[in-house]
Structure formats: structure tokens, C-alpha cells
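As C-alpha cells, the structure follows; a few thoughts come after it.
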Protein chains: 2
Amino acid sequence: MSNLAPASARYEQTVQRFLDELEQAGKRKTPQRAAICRAVVESGGHPTVAEIYQRVTRSFPMISQATVYNTVDTLRELGLIIRLDIANHDHTHYDVVTEPHVNVVCRYCGAIIDVYDPSVDALLEAVAGRSGFSLSPEAGLILYGICPHCLTRGNHARGDGSSPAE
Amino acid sequence: MSNLAPASARYEQTVQRFLDELEQAGKRKTPQRAAICRAVVESGGHPTVAEIYQRVTRSFPMISQATVYNTVDTLRELGLIIRLDIANHDHTHYDVVTEPHVNVVCRYCGAIIDVYDPSVDALLEAVAGRSGFSLSPEAGLILYGICPHCLTRGNHARGDGSSPAE
DNA sequence: TTAGCTGCAAATAGTTTGCAGTTTT
DNA sequence: AAAACTGCAAACTATTTGCAGCTAA
């Protein structure tokens, strides 16, 4: 792991990158958007619009959810974040990580973690070869299971896909 | 591929399996459910509730969508089908294939195909090892891209995730 | 200036749910 | 008979959209 800089500095760097990309795309750099970008990055994971909205509200009490929806969609169009449609989660999640990886979701507590492994690239190549598809590089692969924490706690009583947490 | 039996016979066999599983689970075997099971299997792919409903309406003009939703969810609980939450598709799809495989979705025309490859198993093992998760065996992996047909037709003008068909 | 963005409110629509009557076992 | 299921309609809610006023460039 390369943790040469403190988290805050890395976050700020990413936020700056987002703003630069917005500018390059001819989009306006509004204070709301800056706050939303910051919220997305600082969420440190896989935020939903509701989470982003709640976070941004601290600095912009009057902001509307529609603005968050709009901005998040703009960021997605620019390829800066990707959508994660997770089964049984009421809200759509977004991921700052755009390189091919796997999102592993706990069926019980709803936790989402990113996993990187060479087998992802192998899978992409194999699937592209077999299907003839031109696959999107930012594959938002999702796998479901029970996380170590819930396994230990014995929280995995039911094997179905009922929604326990988020 | 092992196509020893005609499609219709294989379908009927699967329908029978579904009905048997329903019975074993202590569920009732109603004519509506039989029709829904048949519709799911005969849809030959990745049906939505709307598609199933439309198909079942032929034999049960008075059936309600709620019944389809209920039954489909029951089948899912029993592990006979899996849910596919596909980005930008308005309806939830279901897949009769429950073995680990990849669903490849065309961003342009919405087509969904199943791809089997040993790399899927490798991925599952690697992810399970790295994450410590107990992964669900019926991994509904989804990848996005442009299908060969749309590639040829040059239909892939836009690289974003806007919804074109489906 | 002016095209684009924000915020508010209303609309959209897939899915879920409550309930009364019906049916399988 | 009893629990389960069906069908209808109403409810739910995340997301989208229209529009008037603001604002970054």
C-alpha cells in the first residue's frame, strides 16, 4: 500500500482533479459542485445521493437534492465516478474508484468493500473474447456474500436477499 | 454444448423442477404459479416482471402484476432464479441460470447474454480469499459494453450510460 | 450578457402492501 | 377448516423534470 500522504491531502488532490475535469469539460465550477465533489471524495467509500446530500448540507443548508442528483450524474458522465446498482439497496451508490475491481457487498449489514485482483483483468479478457463485446473499462463488478464481521457475529441466519441494513 | 433434447422438452423439464421445488418448500402449486414458471423459463433469457406478466396474460387474462411480483420473489427466495439489477434498465431482470457466470449487457441495445468461463471461478476464489467474505455461489456478475451487432452498426456513438433501448 | 446552474415543487413509475374474497391441501 | 394465494387498488419512494430566478465566465 502506498500511503505516502495523509488522507486529507489525498482527498484534496482528488477533489482538485474533479474540479479540473469539470472545467476541462466546459462545465461551470460552482461552490455547490465543489462541495459535492468534496463530499463524494470524503465519504471514503460508496456514497449514495442521500449521504452526499446530508454531508453537503453542513456547508450549504439550502442546497436541494436535485442539485446533488444533477452533479453526481455529471461526474458520472465525465467518468470520474461510477454507478453501483446494488440489489436490495434502496439508494444507488457511487464509487470513486474507476479502475476495474470488484465491489463486495455484505447481504447482512450492507457493507461495501473494494477488492483488487489480477483475476479481474483475466475475467474481462475472457469475457470480451467469448462475447465479442467491447467492454467498458470501468467494470463495476458486484459480488454478494456475508462479511467477516457478520460471519463472526452469526448474523447470517437467513440466506435470502432480504434487506437488513444499508 | 449439450443439446440432446429439443428446447421445448428442456423447458418443460425446468418448469417441472420449479414446481417440484415449490411443493418441497411447502408452497402451493396454483395454476397461476405454473403459468408464471413456464413464462419465466420460456422467456429464454432474462425476463422482467413486465415481460412475464405479458406472457402469462395469454393464459390468464385476469392475472394481476402483484401475483407475478409475488411469485417471482418466491422463486428467488428458493434460489431458482436470481435478480439482475442492471444499470439504466427500468425493470429488474431475472435469470434462470444460477451457476456462477457473467451477464454481459449492451449499453446501446440493452441485450443481455450469459458468458461462462473458468475465470469466473478464479475470480470468486480470489475475492473470497482477499475479502474474507463468504460469497454467494450464485454470483450475478454484470459487465457492460457494446455488443458485436451494435459495434458493426456503429450505434455506439455515445460512451456514456444513457438509456437507449429496453 | 447569457448559457448554464440552482432550488423548489410537482410528476413519474416500478415495486410493495393492505385487504377481502377465493382456493389449494 | 385453515392457511395460503390471488387480484384489485392504494401507497410508497427514489429519481426525474419543469420552470423561474440566479450566477459563473
Side-chain angles (χ1 to χ4, degrees), chain A residues 18-20 22-37 39 46-54 56-57 59-78 81 83-94 110 160-163 166, chain B residues 18-20 22-37 39 46-54 56-57 59-78 81 83-94 110 160-163 166:
Chain A
F18 280 22
L19 295 175
D20 289 346
L22 276 172
E23 191 168 30
Q24 275 187 38
K27 306 285 183 184
R28 282 199 194 159
K29 218 185 316 185
T30 68
Q32 286 95 331
R33 283 186 172 170
I36 290 169
C37 288
H46 309 80
T48 64
V49 165
E51 286 165 11
I52 298 164
Y53 174 71
Q54 192 186 338
V56 174
T57 295
S59 42
F60 285 85
M62 297 306 290
I63 204 168
S64 86
Q65 296 226 45
T67 300
V68 180
Y69 274 105
N70 288 337
T71 301
V72 161
D73 198 56
T74 300
L75 296 177
R76 201 218 68 227
E77 279 177 19
L78 297 179
I81 60 180
R83 268 182 82 141
L84 292 180
D85 288 276
I86 297 177
N88 294 310
H89 284 212
D90 292 337
H91 302 270
T92 299
H93 293 263
Y94 289 86
D160 64 293
S162 56
S163 40
E166 165 73 9
Chain B
F18 280 22
L19 294 175
D20 290 345
L22 276 172
E23 192 169 29
Q24 275 187 37
K27 305 288 182 181
R28 282 199 195 159
K29 217 184 320 184
T30 67
Q32 287 94 333
R33 283 185 171 172
I36 291 168
C37 288
H46 309 81
T48 63
V49 165
E51 287 165 10
I52 298 165
Y53 173 71
Q54 192 185 338
V56 174
T57 295
S59 40
F60 285 85
M62 298 305 290
I63 204 170
S64 87
Q65 296 227 43
T67 299
V68 180
Y69 273 105
N70 288 338
T71 301
V72 160
D73 199 55
T74 300
L75 295 178
R76 200 219 70 228
E77 279 177 20
L78 297 180
I81 60 179
R83 266 182 84 140
L84 293 180
D85 289 277
I86 297 178
N88 294 309
H89 284 213
D90 292 337
H91 302 269
T92 299
H93 293 262
Y94 289 85
D160 65 293
S162 55
S163 39
E166 183 68 3

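Proteins get letters first, then strands, A, B, ... in listed order; numbering begins at 1 in each.
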Nearest whole Å is fine: how far is [N] [atom2] from [X] [atom1]?
| X | N | atom1 | atom2 | answer |
| --- | --- | --- | --- | --- |
| D85(B) | dG14(C) | CG | P | 15 Å |
| R33(A) | dG7(C) | CZ | P | 11 Å |
| H89(B) | dT15(C) | NE2 | P | 13 Å |
| N70(A) | dG4(C) | CG | P | 14 Å |
| D90(B) | dT16(D) | CG | C1' | 11 Å |
| Y94(A) | dA14(D) | OH | C1' | 11 Å |
| I36(B) | dG7(D) | CD1 | P | 8 Å |
| Y53(A) | dC8(C) | OH | C1' | 11 Å |

Out of [options], whichever nucleotide has its closest atom nearest the side chain of [X]:
| X | options | answer |
| --- | --- | --- |
| Q32(A) | dT6(D), dG14(C), dG7(C) | dG7(C) |
| A66(B) | dT6(C), dC5(D), dC8(D) | dC8(D) |
| R83(A) | dC8(C), dT16(C), dT16(D) | dT16(D) |

Given side chains that start at C-beta, do those of [X] and [Y] come closer than 4.5 Å, heavy atoms only?
| X | Y | value |
| --- | --- | --- |
| L78(B) | F18(B) | no |
| V72(B) | T92(B) | no |
| I36(A) | I52(A) | yes |
| N88(B) | R83(A) | yes |

Would you indicate, yes or no, if [N] has its OP1 or OP2 atom less than 4.0 angstrom from a side-chain nitrogen or oxygen of [X]?
| X | N | answer |
| --- | --- | --- |
| T30(A) | dT6(C) | yes |
| T67(A) | dG7(C) | yes |
| Y69(A) | dT15(D) | yes |
| T92(A) | dT15(D) | yes |

Can you find a donor-acceptor pair, distance only, under 3.5 Å between R28(A) side chain and dA25(D) base?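 Side chain to base: no pair present.
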5' precedence on DNA chain C between A50(B) and E23(B) (nearest-nucleotide basis):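 Nearest nucleotide further toward 5': that of A50(B).
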Does any N or O in the side chain of E51(B) come within less than 3.5 Å of the main-chain N or O of T48(B), such that one atom is a donor and the other an acceptor?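 Looks like yes, one N/O pair under 3.5 Å.
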Both M62(B) and G26(B) contact DNA chain D. Taking the nearest nucleotide for each, which residue is further toward the 5' end?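 Checking each residue's closest nucleotide, the 5'-ward one belongs to G26(B).
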